[in-house]
Amino acid sequence: MLSFVSKHSSLLLMLAAVLGFLIPNASKALFPYLPLILFFLMLFTLLGIKQNVLIKKLAERQVWGYAIFHAIGLSLISCSVAALLGVNSALLVAISAVTATGSLFATPAIARSIGLDALEAMAMTIATTLLMPAVLYFNLMIFQDEAFSLDMKSYFVRLVIFIAGPMLISAFCHHLVPKETLHRIHGKLSQFTILLVFSFPFGLVGEFRDMFDLSLWLGMQYLLIGITLCALFFIAGYICYHRQGVDKALVAAITAANRNVLLTFTVASSYLGPEYLAIMGAIQFPTFCLPLFVKYISPRLHKRASRLQINQ
């Protein structure tokens, strides 16, 4: 059963988002448990990564260069396009907050489920999360007319719980448990991990259903905004990193498109407005459709890259 789920995980992620939308009460019931699920998701993913290797990866300039692109570069692109299209100031604040947001904590597990480098995705996720408060503060300073402040206490608590905590436990496990035993345990856990990932598309879309119940037209408008932002992040990530190879470009693209909008909401909820809440729900659908899209285009991109190398 788990092997079937793992094999079809990309399709099931998309279906989980649809199911959460169709039964919003169940989605809302699961929502409060997502932080606990996230902790174990990060822990199980990190068990497959040696912490000294991850720390060395985090020290690379390329990872921090990606983080700057993810937050600052995409903020400039997205907000410039939005301003040129004449969006109102409240929506511009919401878009600027989304573009400042770090990558989903679930991104490494998603990357692994579609055959991409979980270590690269984990380093990028941590770097973008650490950079997020500075870029969010700067973006709000530009686009928010009223005085604001960020809840840095909540931010640091979440850093400790969801990043430092799992890293520390994983480091102890790698130190105390024999390598063969840990590898065998992680092999079994990695199949179970994808079940935890399904919780997020299912549990995050329930609130968005309320907008559709209130106004179908308004819901469709925000869904289009969410799809546009997600597509922009993905395409920009792939184009900027395609010279480093298909796999690295896809890791950059999917990490750029996966946004931890819930963490940003926790840090600055009072200053983001209802527009941000609407985008936060709308972006879940395209985000969790991307793994299926990546799985579809990946072999085609590899074939194209191979043909280009032969022709050269």
Side-chain angles (χ1 to χ4, degrees), residues 13-14 16-21 24 27-35 37-38 70-71 74-75 78-79 82 87-107 110 125 128-129 132-133 135-137 139-140 143-144 148 150-151 154-155 158 162 197 199-215 218-234 254-290:
L13 273 172
M14 183 182 69
V18 173
L19 195 60
F21 184 80
S27 174
K28 292 174 186 176
L30 179 63
F31 181 80
Y33 298 99
L34 290 182
I37 294 169
L38 178 59
H70 177 104
L74 290 176
S75 286
S78 304
C79 294
V87 304
N88 62 59
S89 59
L91 186 55
L92 196 54
V93 168
I95 291 171
S96 72
V98 171
T99 54
T101 299
S103 189
L104 271 175
F105 289 155
T107 297
I110 293 172
T125 297
T128 57
T129 302
M132 183 269 285
V135 180
L136 178 61
Y137 187 90
N139 285 1
L140 290 179
F143 298 110
Q144 176 64 268
F148 65 89
L150 303 182
D151 187 354
S154 295
Y155 170 75
R158 279 157 178 77
F162 299 122
V197 178
S199 306
F200 291 89
F202 184 84
L204 287 171
V205 300
E207 295 291 341
F208 186 54
R209 171 64 185 270
D210 291 344
M211 177 170 289
F212 271 83
D213 292 339
L214 183 67
S215 169
L218 188 61
M220 291 301 295
Q221 280 184 308
Y222 275 101
L223 181 58
L224 181 60
I225 292 170
I227 292 171
T228 302
L229 285 174
C230 210
L232 176 62
F233 298 158
F234 184 89
I254 203 163
T255 306
N258 289 355
R259 295 279 165 160
N260 195 353
V261 286
L262 190 59
L263 177 60
T264 299
F265 181 72
T266 301
V267 171
S269 56
S270 304
Y271 312 101
L272 300 179
E275 292 81 5
Y276 182 83
L277 272 173
I279 295 178
M280 187 172 80
I283 207 168
Q284 301 307 319
F285 282 104
T287 294
F288 290 104
C289 287
L290 279 177

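Nothing fancy with the numbering, it's 1 onward along the sequence.
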The criterion is side-chain contact (heavy atoms from CB on, under 4.5 Å); which residues satisfy it with [X], sequence neighbours excluded?
X    : value
A90  : N88, E275
A257 : C230, F233, F234, L290
T101 : R259, N260, T264, Y276

### Query
What residues form a ring pair (Phe, Tyr, Trp, His ring centres under 6.0 Å) with F200, not counting sequence neighbours?
none
Contact check, side chains of [X] and [Y], non-hydrogen atoms, under 4.5 Å:
X    : Y    : value
V93  : L140 : yes
L262 : F105 : no
V205 : V18  : no
V261 : L204 : no

Could you grab the distance from atom [atom1] of [X] to atom [atom2] of [Y], nearest 0.5 Å is fine?
X    : Y    : atom1 : atom2 : value
L218 : F212 : CG    : CZ    : 9.0 Å
T129 : L104 : OG1   : CG    : 9.0 Å
I227 : M220 : CD1   : CE    : 7.5 Å

### Task
Just do the side chain to side chain contact (heavy atoms under 4.5 Å, CB included) check on L91 and I225 with the steps written out, would you?
CA-CA 10 Å; L91 186 55; I225 292 170; 4.0 Å; yes
Give a yes or no answer on whether the side chain of [X] reaches the backbone of [Y] with a donor-acceptor pair at less than 3.5 Å.
X    : Y    : answer
N139 : S96  : yes
S78  : S75  : no
S103 : T255 : yes

Least distance between heavy atoms, [X] atom then [Y] atom:
X    : Y    : result
T228 : L224 : OG1-O, 2.7 Å
M14  : C289 : CG-SG, 3.3 Å
T99  : L74  : CG2-O, 3.8 Å
A82  : L92  : CB-CD1, 3.6 Å
A16  : P201 : CB-CG, 3.8 Å
A106 : L38  : N-CD1, 4.4 Å

### Summary
With sequence neighbours left out, the residues meeting side chain to side chain donor-acceptor pair (under 3.5 Å) with S27 are none
Got a list of side-chain donor-acceptor pairs under 3.5 Å for residues 278-288, not counting sequence neighbours?
residue, atom, partner, partner atom, Å
Q284, NE2, M280, O, 2.8
T287, OG1, I283, O, 2.7

### Task
Go through the steps for M211 and L214 under the test side chain to side chain contact (heavy atoms under 4.5 Å, CB included), then give the verdict.
CA-CA 5 Å; M211 177 170 289; L214 183 67; 5.5 Å; no
